Amino acid sequence: MPRVFIKTYGCQMNERDSEAVAAQLVAKGYTLAPSEETADVVLLNTCSVRDLAEQKALNKMKAIAGVAGKERRSPVLGFMGCMAQSRGQKLIDELPDVDLVLGTQKFHRAAEYLDELLNGARKKIVDVAEEKDSEATIREHLLNGSAKKSVSAFVSIMQGCNQYCTFCIVPYTRGEERSRTIPDIVAECTELVSRGVKEITLLGQIVTSYGKRDIPARDGKSAFVQLLEAVHAIDGLKRIRFTSPHPKGYGDDLIDAYARLPRLCESAHLPVQSGSDRLLKLMHRGYTREKYTGIIKKLRAARPDIGISTDIIVGFPGETEKDFEETLSLAREVEFDQAYIFKYSPRRDTPAAAMPEQVPQRVREERNQVLLQTVNEICAHKYETFVGRQAQILVEGPSRRNSARMTGRTRCNKIVVFDGDERHCGQIMDVKITRAGSFTLYGDAAILNL
Ligand code: SAM
């Protein structure tokens with residue numbers, strides 16, 4: 001049976017799409033290869049959000065094709081996902097060793113196309129067309145792949161994005177927003193819980209826009225909050241998370257859901273992008289700094305222990321020193337638990353790429369360093385405040401760095417490493433935090449769980 005190796009670039013949605021493709025192929029009799037060198041099929045699931053991610057995937061494919069050529073192997077090579085969608089046939093024109101280009105609405109066709117390529121029925125396949133109802137096709141899971149996967153699962157609830165931020169390529173690679181139905185999502189979550197999953201993370205490019213077009217608000221609750229309630233009612237599910245939301249989705253109904261739904265973890269990833277109102281407008285974000293900080297205050301009032309993370313872009317076209325100072329001051333004001341900082345990367349066909357006043361690369365680098373240092377100092381201080389406290393964790397499995405230790409996650413989304421063993425996997429337990437490292441806490445379970 002063919003052996004397949006899938007490498008994923010980019011966000012959790014890409015991870016989830018890759019998992020669904022892997023599960024689909026395993027169900028057809030494929031095995032998962034541990035490395036590209038041992039595979040008959042190599043698929044790269046790509047990201048287009050920044051140029052760096054695209055270049056990494058292109059270079060990787062060139063290297064894989066080069067090594068295979070030297071070893072006189074000819075694995076089937078494929079690009080999937082966002083870059084496949086945006087570049088299409090051009091990928092094969094530039095890299096003739098590539099056999100398959102599979103767009104973002106076509107993941108469920110991977111097995112069918114690979115069969116055709118492997119049995120020689122077709123030589124090359126490019127499919128980046130739109131496909132109705134494709135949002136409901138990312139549903140198969142590979143739960144027995146690792147302990148972590150059986151404890152916590154991602155569920156894709158929608159595809160696409162309608163926000164059209166001026167810097168962002170996603171609406172062009174993922175298409176218009178399309179949402180699955182609530183019963184369909186609940187059925188998938190129920191099945192996962194029956195197979196031992198304790199925590200579910202609902203996924204969407206702007207997850208809070210779920211069902212906006214198709215599911216009317218009820219009792220003042222948006223479609224997304226109705227979905228949260230429905231998932232929350234599943235027996236045996238311990239924790240719910242979601243990502244990635246948009247600040248505009250944090251209406252009072254969602255804040256209220258944090259206060260009412262105990263299984264909804266006190267954790268929120270709220271991409272802010274900039275602290276300058278002028279830039280937020282140019283970015284087409286749809287909120288002001290005041291509105292954003294107002295949401296944070298409400299969330300902290302509803303759940304005082306809430307962990308808040310964000311995404312920030314430095315060097316957006318026209319960003320002045322003053323704009324950048326405002327971003328720094330926002331970071332100090334909010335005191336994020338974690339911040340992902342991106343240097344602005346011009347993306348083809350996006351309005352920002354054509355804006356005058358592109359910020360020089362050197363300035364983007366400098367601002368990146370300054371902001372990183374600021375947020376890292378704040379985050380380190382935040383992590384220190386956990387030392388000596390008790391925290392509830394869901395144990396996910398062996399630690400990645402040291403498999404003799406176990407790792408779990410607090411409700412506010414902090415990783416905790418502790419001395420434990422496989423029998424703890426999937427348990428919700430209390431640990432005492434003894435030490436804080438870089439974005440990791442170290443805990444002692446024995447003190448509290450004798
Ligand atoms: N839901 C998110 C939001 O509210 O914007 C979008 C997720 S996006 C795929 C992940 C992050 O990539 C964005 O939040 C943004 O910070 C970053 N990003 C997107 N386009 C970018 C670009 N052209 N250059 C640099 N970073 C970018």
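Everything numeric in this text was worked out from a predicted model, so none of it was measured. Order of appearance sets the numbers: ligands from 1, and atoms from 1 within every ligand.
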Inset, instruction - List the steps and the verdict of side-chain hydrogen bond (donor to acceptor under 3.5 Å, both in side chains) for Arg174 and Gln159. - result: CA-CA 7 Å; Arg174 291 257 173 194; Gln159 286 189 348; 5.4 Å; no
Legend entry - From CA spacing to verdict: side-chain hydrogen bond (donor to acceptor under 3.5 Å, both in side chains), Thr410, Arg389: CA-CA 12 Å; Thr410 65; Arg389 282 164 59 184; over 6 Å; no
Inset, instruction - Output, in order, the C-alpha distance, side-chain angles, deciding distance and verdict of side-chain hydrogen bond (donor to acceptor under 3.5 Å, both in side chains) for Glu335 and His381. - result: CA-CA 10 Å; Glu335 298 191 335; His381 174 69; over 6 Å; no
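Interface atoms of ligand 1 facing Pro245, defined by a heavy-atom separation under 4.0 Å, are 1 (N), 4 (O). Shown in contact with Ser244 at under 4.0 Å from a heavy atom are these atoms of ligand 1, numbered in order with element: 1 (N), 2 (C). Close contacts of ligand 1 with Arg50, meaning ligand atoms under 4.0 Å from a residue heavy atom, involve 24 (N), 25 (C), 26 (N). Taking a cut-off of under 4.0 Å to the non-hydrogen atoms of Arg347, the atoms of ligand 1 that pass are 23 (N).
At a 4.0 Å heavy-atom cut-off, ligand 1 touches Phe342 through the side chain alone. Heavy atoms of Cys11 found under 4.0 angstrom from ligand 1: none, in either backbone or side chain.
When the options Glu396, Glu266, Glu199 are evaluated for a salt bridge (charged side-chain N to carboxylate O under 4.0 Å, His left out) with Arg239, the one that passes is Glu199. When each of Ile240, Leu203, Leu192 is tested with Val155 by the rule side-chain contact (heavy atoms from CB on, under 4.5 Å), just one qualifies, namely Leu192.
Annotation: side chain of Met158 is not in contact with side chain of Lys212 (no heavy-atom distance under 4.5 Å).
With Arg347 contributing its side chain and Ser345 its backbone, the two residues share no donor-acceptor pair below 3.5 Å.
Considering backbone and side-chain N/O atoms, Asp311 comes within less than 3.5 Å of an N/O atom of ligand 1. Between Arg285 and ligand 1, an N or O atom pair is found at a separation short of 3.5 Å.
When only non-hydrogen protein atoms are considered, atom 24 (N) of ligand 1 lies nearest to Ser345 N, 3.0 Å. With hydrogens left out, the protein atom closest to atom 1 (N) of ligand 1 is Gln205 O, 2.8 Å, a heavy atom. Considering only non-hydrogen protein atoms, atom 12 (O) of ligand 1 sits nearest to Val49 CG1, 3.4 Å. Regarding atom 20 (N) of ligand 1, its nearest protein heavy-atom neighbour is Phe167 CD1, 3.3 Å. When only non-hydrogen protein atoms are considered, atom 25 (C) of ligand 1 lies nearest to Lys343 O, 3.4 Å. Gln273 OE1, 2.7 Å is the protein heavy atom nearest to atom 16 (O) of ligand 1.
In this structure, Lys382 fails the cation-pi test against Phe386, since its NZ or CZ atom is not both closer than 6.0 Å to the six-membered ring centre and inside 45 degrees of the ring normal.
Residue contact check for ligand 1: Ala352 places no non-hydrogen atom closer than 4.0 Å to it.
Ring to ring, Tyr172 and Tyr164 are close: their centroids are under 6.0 angstrom apart. Ring centers of Phe224 and Phe242: under 6.0 Å apart, within the cut-off.
At a distance under 4.0 Å, no protein heavy atom can be found next to atom 8 (S) of ligand 1.
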